[in-house]
> 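Pasting in a structure now, in structure tokens, and then I'll have a few things to ask.
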Amino acid sequence: MKIYDTLSREKKEFIPLEGRRVKLFVCGPTVYDYSHIGHARTYVFFDTMASYLRYRGYHVFYLQNITDIDDKIINRGRNEGRDPLDISMEYTIRYFEDMASLRIDSVNIYAPATYYMDRIIDQILRLEKMGFAYETEDGVYFNVLMFKDYGKLSHQSLDTIRAGARVEVNENKRHPADFALWKKRKEGEPYWESPWGDGRPGWHIEDTAITEYYFGPQYDIHGGGSDLIFPHHECEIAQMESVSGKKPMVNYWMHTGLLTIKQERMGKSMGNVINIRDILEKFEPELLRFFLLSSHYRSPVDFSYEKMEEIRQSWEKIVIAFRKISKMEKESNGRFINEIRRFKGMLIDSMDDDFNTPEAISSIQAFVNFVNKNMEEMGGEDIIESIKFFNEIDSIFKIIPPERVAEEKIIDILLKVRQMAREKKMYDISDYIREKLRENNINIEDIQEGQIWYKK
RNA sequence: GGGUAGGUGGCAGAGUGGCGAUGCGCGAGACUGCAGAUCUCGUUUAUUGGGGUUCGAUUCCCCACCUACCCUCCA
């Protein structure tokens, strides 16, 4: 299996640090608003990836943080006159709801930053004692000049970072690229006690504190959106590799391409943010997953409702083939087993090559065509093998909706048919319906106004 | 200005130093009581432009143009 690593800029053979165990960390959201389609892109991909690794026999420990204290949360609280921690609590719940509706279930632990304050403070303290950090009147900062590898992930040098900086210069910082580990309390802000007085953590420190706690100083994969490469992941490397003295912090840096809306970047300022729950009002979650997985995770995806409609046909073809073959019953025979397994091999080859989901999907489509063409000739073993493969596909990609049996609707339809039959005095049909339903504990009674039914 | 990904048919979207996947769409047939699903065939010069390396490039190198992202919070 090969994985593309942002740091080395090449596909590398995937070799976990400890046998079949995989330690995977993915940067979670800052919870100050509903999750949007961009979050869906990233988290659907890593969910699929984790599921696939497990399918291939790896034991994946998938850890994700949740940034529940941060400037944006505080600002939102200020604007709404609410406690910032109340806001982050609410949107953490909304986030979980959105992830569940996208059928994302592969994360082992969600770690909100505020639950790990002692770990965060401990790591800052060690950085300070080792001379990598210094205290000013407004906080504690990481001294980037102490870490000569700073910029290695984003392939930039400190000089160019300085040249391009449009940030207002903080007088207290020794170097413009120095970043906050701890921010001292300001009036009206949430705070925690620390050796530097009351305050709150900087943005980057929670991730390394949390991963150090669960994984130790080195682990296998760190993922996130490509907008996090600089400065966020750069800063994480600086913190972790400085405090542990061990390199590299992770062996595989994975970054998802960003999502645009009609070729424009999505953002609050553009006014084009689409929330996950908005889309799911109009489209099945499985269709959204199919759409997102139709592009390779490192490529940008352009989203529009029109495109969702356009791919609907391709998606339904897969779903329908699965539904139909699930209903097939045939005598024992298995003349297509090898061919069915060949499609499975194609899918594995694609996924083993840096999780090439578009190519994997094309092998699913080839398999669907094969099934459609040969369904009539298939034997029992062929059917079972096909269903098995479909189930495996769905356990990884989750693009097939669970069959929702609309029981009440179907009973209503049967009652209507029974009524039509009775009106035409075709009592053999109407009685057949009543008897068969009764056998399934559904009882019909004729009353003055028509029919009623109840379950025993 | 610096950094990073890319630019493939009507659309989406892979791959490869040497017949350019796959799906959708479109056209024509088949099947069919109706509907739906499905199948078959077709869709003529699809690899941004210009150089270079090579027997041969869409694939490698250089230049240009274009797109997105990062350099400020951002999945």
> Run the side-chain contact (heavy atoms from CB on, under 4.5 Å) test against A/Val107 and tell me which residues pass, sequence neighbours left out.
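A/Tyr62, A/Gln64, A/Tyr110.
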> Which residues in residues 28-46 of chain A have at least one heavy atom lying under 4.0 Å from any atom of RNA chain B?
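Correct list: A/Gly28, A/Pro29, A/Thr30, A/His36, A/Gly38, A/His39, A/Thr42, A/Tyr43.
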> For nucleotides B/U40 and B/C31, find the distance between their C1' atoms and express it as a whole number of Å.
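Taking atom C1' in both B/U40 and B/C31, they lie 11 Å apart.
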> From C-beta outward on A/Ser362, which listed nucleotide comes closest to its side chain: B/G3, B/U22, B/C73?
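Closest of the options to the side chain of A/Ser362: B/U22.
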> List in chain and number order the residues that pass side-chain hydrogen bond (donor to acceptor under 3.5 Å, both in side chains) with A/His222, two or more places apart in sequence or in another chain; answer none if no residue qualifies.
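A/His222 satisfies side-chain hydrogen bond (donor to acceptor under 3.5 Å, both in side chains) with A/Tyr219, A/His233 only.
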> Does A/Glu286 pair with A/Arg103 as a salt bridge, N-O distance under 4.0 Å?
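Yes, this pair counts.
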> Using the side-chain hydrogen bond (donor to acceptor under 3.5 Å, both in side chains) criterion, which residues pair with A/Thr208? Sequence neighbours excluded.
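Per chain and number, A/Thr208 pairs via side-chain hydrogen bond (donor to acceptor under 3.5 Å, both in side chains) with A/Gln123, A/Gln239.
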> Rounded to the nearest Å, what distance is computed from the CD1 atom of residue A/Ile229 to the C1' atom of nucleotide B/C73?
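Computing the A/Ile229:CD1 to B/C73:C1' distance gives 16 Å.
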> Base, sugar-phosphate, or nothing: which does A/Arg265 touch, judged by heavy atoms less than 4.0 Å apart?
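The residue A/Arg265 makes base contact.
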> Can you list every pair that meets salt bridge (Lys or Arg N to Asp or Glu O under 4.0 Å) and has a residue in residues 362-384 of chain A, with sequence neighbours left out?
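Counting only pairs at least two positions apart or across chains, no salt bridge (Lys or Arg N to Asp or Glu O under 4.0 Å) contact touches residues 362-384 of chain A.
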> Taking the side chain of A/Phe230 as heavy atoms from C-beta outward, which of B/U4, B/C71, B/A75 is closest to it?
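Of the options given, the side chain of A/Phe230 lies nearest B/C71.
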> Select base, sugar-phosphate, or nothing to describe what A/Leu258 touches, counting heavy atoms under 4.0 Å on all strands.
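Base, at least one base atom sits under 4.0 Å.
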> In whole angstrom, give the distance that lies between atom OH of A/Tyr150 and atom C1' of B/C71.
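These atoms are roughly 10 Å apart.
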> In whole angstrom, what separates A/Ile274's CD1 from B/A75's P?
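After rounding, the reported distance stands at 17 Å.
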> Report yes if a side-chain nitrogen or oxygen of A/Asn369 is closer than 4.0 Å to either non-bridging phosphate oxygen (OP1 or OP2) of B/C39; otherwise report no.
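Checking B/C39 against A/Asn369, a side-chain N or O does come within under 4.0 Å of OP1 or OP2.
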> On RNA chain B, check which nucleotide each of A/Glu264 and A/His155 is closest to and give me the residue with the more 5' one.
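Mapping each residue to its closest nucleotide by heavy atoms, the 5'-most match is A/His155.
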> What interatomic distance, in whole Å, is found between P of B/C63 and the corresponding atom of B/G3?
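Approximately 12 Å lies between the P atom of B/G3 and that of B/C63.
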> Tell me the interatomic distance from A/Glu234, atom CD, to B/C70, atom P, rounded to whole angstroms.
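Nearest whole value for this atom pair: 16 Å.
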> To the nearest angstrom, how far is A/Tyr4 atom OH from B/U4 atom P?
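A/Tyr4 atom OH is separated from B/U4 atom P by 10 Å.
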> If the P atom of B/A21 is compared with that of B/C26, how far apart are they to the nearest Å?
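Per the computed distance, 22 Å lies between those P atoms.
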> Under 4.0 Å between a Lys/Arg side-chain N and an Asp/Glu carboxylate O for A/Asp105 and A/Lys398?
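A salt bridge is present here (some side-chain N lies under 4.0 Å from a carboxylate O).
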> List the residues meeting side-chain contact (heavy atoms from CB on, under 4.5 Å) with A/Pro285, not counting sequence neighbours, and say none if there are none.
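Per chain and number, A/Pro285 pairs via side-chain contact (heavy atoms from CB on, under 4.5 Å) with A/Leu280.
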> When you check the gap from the basic side-chain N to the acidic O, do A/Glu284 and A/Arg312 get nearer than 4.0 Å?
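Counted as a salt bridge, because a side-chain N and a carboxylate O are separated by less than 4.0 Å.
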> I'd like the C1' distance from B/U53 over to B/U59, given in whole Å.
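Nearest-Å result for B/U59 against B/U53 at atom C1': 14 Å.
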> Could you tell me how far B/G42 sits from B/G23 if I compare only their P atoms? Round to whole Å.
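Their P atoms lie roughly 13 Å apart.
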> Say we look at B/A12 and B/C55: how far apart would their C1' atoms be, to the nearest angstrom?
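Here B/A12 and B/C55 have their C1' atoms 37 Å from each other.
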> Please work out if A/Leu259 contacts a base, only the sugar-phosphate, or nothing of the nucleic acid, heavy-atom cut-off 4.0 Å.
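Base: the residue A/Leu259, judged by heavy atoms under 4.0 Å, touches a nucleobase.
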> Side-chain N or O of A/Arg9 versus OP1/OP2 of B/U4: is the shortest distance under 4.0 Å?
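So the side-chain polar atoms of A/Arg9 do come within 4.0 Å of the phosphate oxygens OP1 or OP2 of B/U4, strictly under.
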> Mind calculating the distance between NZ (A/Lys262) and C1' (B/A68) to the nearest angstrom?
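For the pair A/Lys262 NZ and B/A68 C1', the rounded distance is 18 Å.
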> What does the list of N/O pairs under 3.5 Å between the protein and nucleotides 29-37 of chain B look like, with a distance for each?
{"unit_1": "B/A37", "atom_1": "O2'", "unit_2": "A/Lys324", "atom_2": "NZ", "d": "2.1"}

> Only Watson-Crick and G-U wobble pairs, only distances under 3.5 Å, only runs of 3 or more: what stems does that leave for RNA chain B?
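So far as stems of 3 or more pairs are concerned, RNA chain B shows B:1-7 with B:65-71, B:10-12 with B:22-24, B:25-30 with B:38-43, B:48-52 with B:60-64.
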> For A/Phe389 together with A/Phe367, are the ring centres under 6.0 Å from each other?
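Judged by ring-centre distance (under 6.0 Å), A/Phe367 and A/Phe389 do meet the cut-off.
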> Using a 4.0 Å cut-off on protein heavy atoms (strictly under), produce a 5'-to-3' string for nucleotides 11-17 of chain B with B for base contact, S for backbone-only sugar-phosphate contact, and - for none.
SSSSS--
> For A/Asp394 and A/Ile399, indicate whether the former's side chain and the latter's backbone hold a donor-acceptor pair under 3.5 Å.
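Checking the backbone N and O of A/Ile399 against the side chain of A/Asp394, a donor-acceptor pair under 3.5 Å is found.
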> List the residues meeting side-chain contact (heavy atoms from CB on, under 4.5 Å) with A/Asp227, not counting sequence neighbours, and say none if there are none.
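For A/Asp227 the side-chain contact (heavy atoms from CB on, under 4.5 Å) partners, ignoring immediate neighbours, are A/Leu258.
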> Taking the ring centre of each residue, are A/Tyr252 and A/Phe14 less than 6.0 Å apart?
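Ring-ring flag for A/Tyr252/A/Phe14: true, centres closer than 6.0 Å.
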> Do A/Pro201 and A/Glu206 make a side-chain contact, defined as non-hydrogen atoms from C-beta onward lying under 4.5 Å apart?
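The answer is no, as the side chains (C-beta and beyond) never meet within the 4.5 Å cut-off.
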> Under 6.0 Å between ring centres: does that hold for A/Phe370 and A/Phe343?
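Ring centroids of A/Phe370 and A/Phe343 are less than 6.0 Å from each other.
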> Whole angstrom is fine here: how far is it from CZ in A/Phe370 over to C1' in B/U22?
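That distance rounds to 17 Å.
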> Restricting to side-chain hydrogen bond (donor to acceptor under 3.5 Å, both in side chains), what partner residues turn up for A/Tyr4, sequence neighbours left out?
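Expected list: none.
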> How would you list, by chain and number, every residue that makes a ring-ring contact (aromatic ring centres under 6.0 Å, His included) with A/Phe283, sequence neighbours excluded?
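Expected list: A/Tyr305.
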> Could you measure between the two C1' atoms, the one in B/G17 and the one in B/G13, and give it in whole Å?
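So the two C1' atoms sit 23 Å from each other.
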> CD1 of A/Ile261 versus C1' of B/A68: gap in Å, rounded?
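These atoms are roughly 14 Å apart.
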> If I pick the C1' atom on B/G9 and the same atom on B/A5, what distance separates them, to the nearest angstrom?
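That atom pair is separated by 23 Å.
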